[in-house]
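Worksheet: the structure to be examined is printed underneath.
Order of the sequence lines fixes the chain letters, A, B, ..., with proteins taken first and strands second; residue numbering starts at 1 for each chain. These figures come from a predicted structure and were not determined experimentally.
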4 protein chains.
Amino acid sequence: MVDEDQEVEPLLNPTGREPKQGRSRASFERMLAAATDLLIERGNDDFALTDVAKRGKVSIGSIYCRFDSKDDLIQAVQRRVMERMADEEAEMIGRLTDKSTSLDVLVRNFVEELAEFLKRNAPVLRPMMLRASSDPVVRAMGRKGYDSLVEKVMSTLLSRRDEIGHELPELACEMTLRIAYSAFARYLGFGTVGDTGTKADWKNLKTEVGVMCSTYLRNGNR
Amino acid sequence: MVDEDQEVEPLLNPTGREPKQGRSRASFERMLAAATDLLIERGNDDFALTDVAKRGKVSIGSIYCRFDSKDDLIQAVQRRVMERMADEEAEMIGRLTDKSTSLDVLVRNFVEELAEFLKRNAPVLRPMMLRASSDPVVRAMGRKGYDSLVEKVMSTLLSRRDEIGHELPELACEMTLRIAYSAFARYLGFGTVGDTGTKADWKNLKTEVGVMCSTYLRNGNR
Amino acid sequence: MVDEDQEVEPLLNPTGREPKQGRSRASFERMLAAATDLLIERGNDDFALTDVAKRGKVSIGSIYCRFDSKDDLIQAVQRRVMERMADEEAEMIGRLTDKSTSLDVLVRNFVEELAEFLKRNAPVLRPMMLRASSDPVVRAMGRKGYDSLVEKVMSTLLSRRDEIGHELPELACEMTLRIAYSAFARYLGFGTVGDTGTKADWKNLKTEVGVMCSTYLRNGNR
Amino acid sequence: MVDEDQEVEPLLNPTGREPKQGRSRASFERMLAAATDLLIERGNDDFALTDVAKRGKVSIGSIYCRFDSKDDLIQAVQRRVMERMADEEAEMIGRLTDKSTSLDVLVRNFVEELAEFLKRNAPVLRPMMLRASSDPVVRAMGRKGYDSLVEKVMSTLLSRRDEIGHELPELACEMTLRIAYSAFARYLGFGTVGDTGTKADWKNLKTEVGVMCSTYLRNGNR
DNA sequence: TATGAATGAGTATTCATTCAT
DNA sequence: GATGAATGAATACTCATTCAT
């Protein structure tokens, strides 16, 4: 479960050979779009480069002009997705800071926002998570994304440190995010199976996770 | 995310043509064992029937004699795994009932037991979860297994209904299981990515989830 | 030019999974035959596995059933060729020993035999030599074959050691083979280019090489 | 093995559209240089035009501006190489004529010079020979070069015609070159395989070929 | 003239599944 | 029943060549 993927780090940057303008740019976009769509529609296993070519109205050669390999293309999709998500996260944090009058409100808002954020991005996240199981680069990038979210969320929650009853506020904040994230991710099918819940629908889930986290942070282990 | 897999139900039973005794029985066992091992060692993607044949010292023809397809074989593995897990669950529930002097103790014990239970079974569960993403039958069986766990856990927790502060005890119990399950599953890599957590190691995770669930059940949304 | 291919040795034996009888055997033969023919007709570069399949009336899968890779198939062809050649060599040595009444006669017979032997096998040898430039296993096997020829020829020539005027008989014998082999190989196009010679036709070449070698062995550097 | 490449003749001249001066000239040179280097480093099979472009800091389009095809480029490389070699040959002949006091000395010097000449040029010659196996134009040019060498060498050797014991001096001279050339070419790996020789190292080979040729020319078939 | 993005035919290889023995 | 040889669709990737800018 621990880190065996450290050495992957240096491979993380190369964004595909991204052209800056014109027709090239357009077809580059079509590739990424097609790849993203196909990943969403068909999932990881039935994702074939020929289909990307067809859908994106591009030749296979073109794809290999921009990307080193199938893996590289998928990583580019992931990169793009994660950039967009990072922006959304920033906005989310902004909204939270503005609206929060107390730890309780903050946490509940946070949970709600996180839930909707994940739900919004679920369609791409799902295949990406799957991909991560076989591609260490995807895994590493995913981890990195999660870590940066952790950082942002923690500093926000810790801004109300004195309202936190738990004796280890840092730990508690991290746990809060972790638990909420896990619960929503699982519901949304990132873990894939058991993406259900008899009665507990989405709304219930959000509420109760909110309650749980709020209570946890305020009361610690009382 | 909701049920679209209902129609799968009738396919759930056929356990492979399981022979009752003798040499047939033995080679049947070898198939399942080999398949299980291979699934664990190599994961879903590199799982080839020819390897199962080699490892199990069986011919491919034999495999197709017992199972309709690759999918069918994997489903049989899953079935077997789930039966064993159901037994473990029963024991677990037994232990919980015996040792629990209060809701608080019960919950903490439960969380600890669940964590270790999942950890123990992680190696098989991981590829199964992955498999579920492409095989609806596996998905359905996984769901069923989870639901039966829900049932058992709920009746146990609800045996201390009067100590539960939450105004909707059923919902609260279900949520408790769900949250704990999600958190551990994610840590153990069932969801695959982000199976990390900066500081929070396994021990911390178990403790804090325990705290959180206990507090939640006792206090509701206070 | 020196040995850098030693480590290849262990890979030399595996003859493809050669079936012993029946239909399997037949299609195995068809594969090898088709491969050999295609190699001869089209040369190394235009040798595609699909063509082998077509020509041999076999599926590609079948080929991969018997051989690990394209390289492996070609190596099997080479092995077979070399086995046949080793037999021919043995016969050749036999004939030489019988008919030779003097070093001079022996050498001339040897040169003639070698020339015709190489000419007979030129069609397969040509693509094999080419192949050797990119496949170390082929190179190693070729070398081995040559070395075993050297051995046989040397012991034959050295049976008339006292008629050899060269002060280093071993060296002289080895050189004799080497020079004759090189000259014929080049004429036959193993070295590929300039495989001709204005006036000097095959007959002339054989005679003169014979003269040269004979004189060389008898007179040394006088 | 006979001439089937006659019709190729007319294609031999077009030296690529060779610009006479300026920037064009410079990039033209870079192309040829890059192509030559790559041919030497990577051999025939891994020689890709895109790499030439990269290495020569030229666009692929530019290459196609100067050359009709990949084949054409390689032929241009060959042409250039052969021009340089023709010069070297001329010098070589010059040196031989100067220093030679007898047929024996002449022949030994010649063999030594030829050996080193081929060794010096082996790196380019090797891929060219390989190329010749699939490209008739390269084959024809190679042949032409060899023929012109034959001519020069013959007139040099025949300048000592009266010392030649062989009853057909022309034939003997041609054979001398042919045998020496073959032996060295094979050792240097032009024929690719069997580039071995147990004991016989380069020095031995040169000496013995010298002995052999000298004896042959002087004594004929005595 | 120069550029390099785009093309797409061509190829090795994998693996679930079938079926003659 | 049991065997494992045979099948062939599917797929990632390469590279000479073209052509719009």
*Is there a donor-acceptor pair under 3.5 Å between the side chain of A:Lys57 and the backbone N or O of A:Arg30?*
no
*Once you round it to whole Å, what is the distance between P of E:dA6 and CZ of A:Arg30?*
9 Å
*Taking for each residue the nucleotide of DNA chain E bearing the nearest heavy atom, is the 5' side occupied by A:Val58 or by C:Asp51?*
A:Val58
*Using a 4.0 Å heavy-atom cut-off across all strands, classify B:Ser27 as base, sugar-phosphate, or nothing.*
nothing
*For E:dT1, does OP1 or OP2 lie under 4.0 Å from any side-chain N or O of D:Arg66?*
no
*State the CG-CZ distance between D:Asp37 and D:Arg55, to the nearest 0.5 angstrom.*
5.5 Å
*When you check the phosphate oxygens OP1 and OP2 of E:dT7, does a side-chain N or O of A:Ser62 lie under 4.0 Å from one of them?*
yes
*Ignoring backbone atoms, test whether B:Ser59 places a side-chain nitrogen or oxygen under 4.0 Å from the OP1 or OP2 oxygen of F:dG4.*
no
*Tell me yes or no: between the side chains of C:Ser133 and D:Arg126, is some donor less than 3.5 Å from an acceptor?*
no
*Kindly compute the distance separating OG1 (B:Thr36) from CG (B:Leu73), expressed to the nearest 0.5 Å.*
8.0 Å
*Looking at the side chain of D:Lys70, which of F:dT17, F:dC13, E:dT1 is the nearest nucleotide?*
F:dT17
_Integer-rounded Å distance: F:dA20 C1' and D:Tyr64 OH_ = 17 Å
*Return the 5'-most residue of the pair D:Phe47, A:Leu49 with respect to DNA chain F, ranking by each residue's nearest nucleotide.*
A:Leu49
*Nearest whole angstrom, please: distance from the P of F:dT11 to the CG of B:Asp45.*
14 Å
*How do B:Ala48 and A:Ser24 order along DNA chain E: which one's closest nucleotide is nearer the 5' end?*
A:Ser24
*For B:Ile60 and for A:Asp71, find the nucleotide of DNA chain F with the closest heavy atom, then tell me which residue's nucleotide is more 5'.*
B:Ile60
*Please give, in whole Å, the distance from E:dA2 P to D:Phe67 CZ?*
12 Å
*Any side-chain donor near an acceptor of the partner, B:Ser27 and B:Arg66, under 3.5 Å*: no
*asked:* If I take atom NZ in residue B:Lys54 and atom C1' in nucleotide F:dT3, what distance separates them, rounded to the nearest angstrom?
replied: 15 Å
_Integer-rounded Å distance: F:dT14 C1' and A:Ile63 CD1_ = 14 Å
*Would you say B:Gln78 and B:Val137 make side-chain contact, with heavy atoms under 4.5 Å?*
no
_Ion pair D:Arg25/D:Glu29, N-O distance below 4.0 Å_ = yes
_In this structure, how many angstroms lie between the P atom of E:dC15 and the CG atom of B:Asn44, rounded?_
13 Å
*So what does the secondary structure string of DNA chain F come out as, 5' to 3', with Watson-Crick or wobble pairs under 3.5 angstrom, [ ] for crossing and | for pairs with another strand?*
.||||||||||||||||||||
_Gap between atoms CE and P, on C:Met31 and F:dA5 respectively (whole Å)_ = 11 Å
